[in-house]
Each structure stands twice: as C-alpha cells, then as structure tokens.
2 protein chains.
Amino acid sequence: MEHRIEKIKKQLHSQSYKLTPQREATVRVLLEHEEDHLSAEDVYLLVKEKAPEIGLATVYRTLELLSELKVVDKINFGDGVSRYDLRKEGAEHFHHHLVCVECGSVEEIEEDLLTDVESQVERDWGFQVKDHRLTFHGICKKCQVVTVNS
Amino acid sequence: MEHRIEKIKKQLHSQSYKLTPQREATVRVLLEHEEDHLSAEDVYLLVKEKAPEIGLATVYRTLELLSELKVVDKINFGDGVSRYDLRKEGAEHFHHHLVCVECGSVEEIEEDLLTDVESQVERDWGFQVKDHRLTFHGICKKCQVVTVNS
DNA sequence: TGTCAAATTAAAATCATTTTAAATTAAAAC
DNA sequence: GTTTTAATTTAAAATGATTTTAATTTGACA
Ligand SMILES: [Zn+2]
Ligand SMILES: [Zn+2]
Ligand SMILES: [Zn+2]
Ligand SMILES: [Zn+2]
C-alpha cells in the first residue's frame, strides 16, 4: 500500500504536481477499494470519512488528474456515471470487464487477451493501438446456475 | 433503405410498439447517417429538419426503445454524451471502433475479431458472452503520416 | 362515434460534472 | 523569517445531458 502511494507521489512530482492531503486521501480510498468500480460520488463519500472537509469538486479534479497520469482509468458501463478503476500494478494496458446483465456484477480480467487482435488491427487497418476498452456483456457463472435450476 | 425500415417496423410490432411518424423520422435519420456516431442532440437537430414539431424527449425515448430492441447500440466515447450507432444489417454483435487520440476520428471495424477471445472467456471464466464493447484508442493512419513528416 | 391506451409535447426537474471566485496552502524569492 | 507567487481547495453557482411530469394528441377498436 505505502509503496504504491510513494510511486504515485513520484509520478505526480515528475509532472510537478503535489500529493496534497486531499489527493492522498483519495488515492488511499482507491487503493482500499481496488476491486470495486467506484463513481466520483462513491469516492467522495468514502474520502469524506477520513477527510470530512473535502469537496466533491476536488475529488473530481483529483480523479481527472490521476486519469491523465494513467494511474486510474475512467470507464463507463452505460449507467449515467463515470467510474474510476485503478490500473493494476505494472499493467501496460487497461484490464477487461465482464458485466452480468442479470445481476449487474462486474468481474475483472487481468490477462491481456488482445495481443493477437491488436497486431491484426495494426496490420490490416494501419491503426497504431495505444490502449483499449473491452467489456463483455453476458451471464455470469452464478446467474447461469440460477437459470438452469429455475 | 425502405426494406430496413420495414424490418424495424416489424420488430416494433412484434413487441406491440408502433412505428409512429416521429419514430420513423428518427430511424430515417439514423439510416442516412449510418457512418456517423450521433448524439441524441445531433439526431434531434437532424430529425427536426423533416419533422419540426418533434421534441427532444421523444428522440431520447425513441433511441432508448431502439436500443432495447437492439436496432441501435448506445455507446460512449468518454466525452459526456451517449452516441447511438445503428447495428449493421444482420450483425449478431456490436461492431468495434478505432478512436484516434490525435484527431478524434472514429473508424469502424465490422469484422468480429473476438470469436477466439470469447470462447476463451466462456471456457476459462465460465461467463456466457452475449455481446461486447471494444474500442481501441491510438493513432489513425492519417495522423501517423503527419507525425512522421513533422 | 365514443372509449382507452399509447405516444407526444413542452416545461420542469434531476443528476453528473464543471466552472467560478474567494480563501488557503506551501514552495520560492527576497 | 517575511513577502511573493502559483497551485490548490472550497462552496456555491452554472452547465449540460437526460428524465420525468402533466396535459394533450393520436389512433385502434368496441
Ligand atoms: Zn450475474
Ligand atoms: Zn476493473
Ligand atoms: Zn487521427
Ligand atoms: Zn460505429
């Protein structure tokens, strides 16, 4: 945990940004909820528990900043809100998601899976891929069982 | 064109919805701008040219309805607006996108590309894939040339 | 023709996000 | 160590996209 904060601090400094207490509190919340897919509002409410004076606008600005630095990725599952997802340690690319259309659960896939597809796109479309967003919509393991039994 | 309208009309009827003049005008706009990625507002302005009395709320409701029927797919490129993309004729899945981070252009990929990845996900994660969203972010052909020359 | 449900309109409401202006903080300059 | 300065934060207001509401219209069909 602490070493990841240190790392992010360095990343900020390298672009001459500071790791202010508000920013640190925000990053800590993200680290403590790495599995979740929090909206700005979610993050705000959680940060408020440790730093009650923080404003929602600051959370938005911090998330935007972290997003520029590629510390987090901003994603959108189609409900009206943006969600902010910490990049896995050392990950080059954004990870993928499995969204269950039955129960709404979101599972993560850290494996890249797209290496071949990306070479194909570079070769056949002449498009130089820098990053990707991949989400599968379908039925999760749990919900398949329920459907079978009912 | 007409036969696609007919098809959509039937799809609506099969769920006991009607193809009202407003809905038809909206569908026509979508068909005439199949290559574009129009926002609700964009669609509204274009529909207004043929049916000036239409309201923005109706356009939203129509797009939502078409989205439920899988006639269009709702997509989000990270700017604050939803865009509505007609499904290609006979397509089982949503098509993919190449978004250029330099010039903002959006190119479409109709080839599926994900067959293998999807079997892998079904096999290794036990997730039954129904649909997907795949967007690549990178540099388009045009912008690569510019970069090389400058 | 009269009835009823579905659909539409225009306006207001809501919700997420951004902007603003004033106040605070903290590093840099003196 | 005080002053200066730029960056940051706050709280409130503004914005922009989307949804809801209530009143009206439309059109099938009894
Ligand atoms: Zn599920
Ligand atoms: Zn994730
Ligand atoms: Zn480009
Ligand atoms: Zn498209």
Side-chain angles (χ1 to χ4, degrees), chain A residues 8-29 37-69 71-85, chain B residues 8-29 37-69 71-85:
Chain A
I8 291 166
K9 190 173 186 175
K10 274 182 197 141
Q11 266 186 282
L12 282 163
H13 285 163
S14 78
Q15 313 268 307
S16 56
Y17 292 114
K18 298 173 234 172
L19 184 64
T20 64
Q22 292 90 338
R23 285 174 185 166
E24 185 174 334
T26 305
V27 170
R28 280 185 189 280
V29 162
H37 295 89
L38 304 175
S39 67
E41 182 86 32
D42 294 338
V43 174
Y44 170 64
L45 293 173
L46 289 165
V47 174
K48 241 175 148 28
E49 292 174 7
K50 3 183 120 174
E53 4 56 52
I54 202 170
L56 179 54
T58 301
V59 171
Y60 269 103
R61 270 183 304 240
T62 301
L63 291 170
E64 199 54 43
L65 179 59
L66 293 174
S67 190
E68 274 162 33
L69 296 175
V71 170
V72 302
D73 286 294
K74 195 174 175 178
I75 42 171
N76 194 295
F77 290 132
D79 53 351
V81 294
S82 296
R83 296 174 182 282
Y84 299 84
D85 216 351
Chain B
I8 291 166
K9 190 174 185 173
K10 274 179 197 141
Q11 267 184 280
L12 282 164
H13 284 162
S14 78
Q15 313 267 306
S16 56
Y17 292 115
K18 297 173 235 174
L19 183 63
T20 64
Q22 292 89 338
R23 285 174 184 167
E24 184 173 336
T26 305
V27 169
R28 280 185 190 281
V29 163
H37 295 90
L38 304 175
S39 67
E41 182 87 32
D42 294 338
V43 173
Y44 170 64
L45 293 173
L46 289 163
V47 174
K48 240 175 145 35
E49 292 174 8
K50 5 183 122 178
E53 4 56 53
I54 202 171
L56 179 54
T58 302
V59 171
Y60 270 103
R61 271 181 303 239
T62 302
L63 292 170
E64 198 54 42
L65 180 59
L66 294 173
S67 190
E68 273 162 35
L69 296 174
V71 170
V72 302
D73 286 293
K74 196 174 177 180
I75 182 180
N76 192 295
F77 290 133
D79 54 350
V81 294
S82 296
R83 296 172 184 283
Y84 298 85
D85 215 352

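Residue numbers start from 1 in every chain, and the chains themselves are labelled A, B, ... in the order their sequence lines are given, proteins ahead of strands.
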Considering only [options], which nucleotide approaches the side chain of [X] most closely?
X      : options                  : value
V81(A) : dA16(C), dT9(D), dA10(C) : dA16(C)
Q22(B) : dT17(C), dA17(D), dT8(C) : dT8(C)
Y17(A) : dT18(D), dT8(D), dT9(D)  : dT8(D)

Checking all strands, does [X] fall into the base, sugar-phosphate, or nothing category for heavy-atom contacts under 4.0 angstrom?
X      : result
L56(A) : base
S39(B) : nothing
E53(A) : sugar-phosphate

Can you measure [X] atom [atom1] to [N] atom [atom2] for me and round it to whole angstrom units?
X      : N       : atom1 : atom2 : result
E64(A) : dT17(C) : CD    : C1'   : 10 Å
N76(A) : dA16(C) : CG    : P     : 13 Å
D42(A) : dT17(C) : CG    : P     : 10 Å
E24(A) : dT9(D)  : CD    : C1'   : 16 Å
Y44(A) : dA16(C) : OH    : C1'   : 14 Å
Q15(B) : dA5(C)  : CD    : C1'   : 18 Å
R23(A) : dT8(D)  : CZ    : C1'   : 7 Å
L19(B) : dG27(D) : CG    : C1'   : 14 Å

Contact nearer the 5' end of DNA chain C, comparing K18(A) with R83(A):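 Result: R83(A).
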Between [X] (side chain only) and [Y] (backbone N and O only), is there a donor and an acceptor less than 3.5 Å apart?
X      : Y      : value
R23(A) : K18(A) : yes
R83(A) : N76(A) : no
T58(B) : I54(B) : no

Check whether any side-chain nitrogen or oxygen of [X] sits under 4.0 Å from OP1 or OP2 of [N], and answer yes or no.
X      : N       : answer
T20(A) : dT25(C) : no
Y60(B) : dT18(D) : yes
S16(B) : dA6(C)  : no

Which comes earlier along DNA chain D counting from the 5' end, the contact point of A57(B) or that of P21(B), where each point is its nearest nucleotide?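 That would be A57(B).
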Decide yes or no for E64(A) and K74(A): does some side-chain heavy atom of the first lie under 4.5 Å from some side-chain heavy atom of the second?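 A side-chain contact exists here, since the closest heavy-atom pair is under 4.5 Å.
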Quick one: CG on L65(B) to CD on Q11(B), what's the gap to the nearest 0.5 Å?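 Taking CG in L65(B) and CD in Q11(B), the distance rounds to 10.0 Å.
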